[in-house]
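Written below as structure tokens is the structure these notes are about.
Note that this is a predicted model, so its numbers are computed, not measured.
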Amino acid sequence: QVQLQESGGGSVQSGGSLRLTCAASGYTFSNNRMAWFRQAPGKEREGVASIYTGGGSTSYAGSVEGRFTISQDNAKNTLYLQMNSLKPDDTAMYYCAARDESNTDWYPLATSTYSYWGQGTQVTVSY
């Protein structure tokens with residue numbers, strides 16, 4: 001069974017940085033797409049960043065492009081999200097997700113296309 005475990009969340013001031021980590025087991029990084037999503041209280045879950053683990057193709061939400069970087073370490077079976085220049089609007093629970101099949105026609109940040117999810121790690125950015 002696929003297991004995803006996020007870590008690295010915390011509380012920082014505006015302008016600070018955090019690196020989120022997603023440790024995966026039972027999942028092959030080289031042949032599918034993974035992503036980071038976030039959800040704030042009362043808001044819809046939204047895609048933040050996605051990466052095709054077989055080739056490194058990435059996609060970012062416009063609100064984080066230029067500030068966040070998604071990356072992977074296949075040897076460690078780990079996904080990362082480096083978050084710089086954090087803003088209060090970035091405050092949310094962040095989730096790691098993985099697809100169970102490859103489909104290049106699917107929007108990379110579409111929530112419904114991901115089958116496996118971690119429990120989430122909280123990111124809080126204060127003023």
For the backbone of [Y] and the side chain of [X], can you confirm whether one donor and one acceptor N or O come within less than 3.5 Å of each other?
X	Y	result
Gln72	Leu79	no
Trp36	Tyr80	yes
Tyr60	Ile70	yes
Glu6	Gln119	yes
Asn77	Ala24	yes

Using links of under 4.5 Å between side-chain heavy atoms of ILVMFWY residues, direct or through other members, which residues join Leu109 in one cluster?
->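 Taking Ile, Leu, Val, Met, Phe, Trp and Tyr as members, Leu109 shares its hydrophobic cluster with Tyr107.
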Whichever hydrophobic residues join Tyr52 through chains of side-chain contacts under 4.5 Å |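 Besides Tyr52, the hydrophobic cluster comprises nothing; the residue is isolated.
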Please round to the nearest 0.5 Å and tell me the distance separating atom [atom1] of [X] and atom [atom2] of [Y].
X	Y	atom1	atom2	value
Arg33	Asp100	CZ	CG	14.0 Å
Arg38	Asp90	CZ	CG	5.0 Å
Leu81	Phe37	CG	CZ	12.0 Å

Should we say atom CD of Glu44 is surrounded by more than 12 heavy atoms from elsewhere, each under 6.0 Å from it?
->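 It does not: Glu44 CD has 12 such atoms or fewer within range.
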Looking at residues at least two apart in the chain, or sitting in another chain, which of them share a ring pair (Phe, Tyr, Trp, His ring centres under 6.0 Å) with Trp106?
->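 Once residues adjacent in sequence are excluded, Trp106 has no partner under the ring pair (Phe, Tyr, Trp, His ring centres under 6.0 Å) criterion.
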For Arg67 and Ser85, does a side-chain donor sit closer than 3.5 Å to a side-chain acceptor?
->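 There is no such pair between these side chains.
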Is there a side chain to side chain contact (heavy atoms under 4.5 Å, CB included) between Asn32 and Tyr27 once you walk through the steps?
-> CA-CA 9 Å; Asn32 224 316; Tyr27 190 82; 2.8 Å; yes
Closest contact, heavy atoms only, Cys22 versus Met34 =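 Between these two residues, the closest heavy atoms are SG-CE, 4.4 Å.
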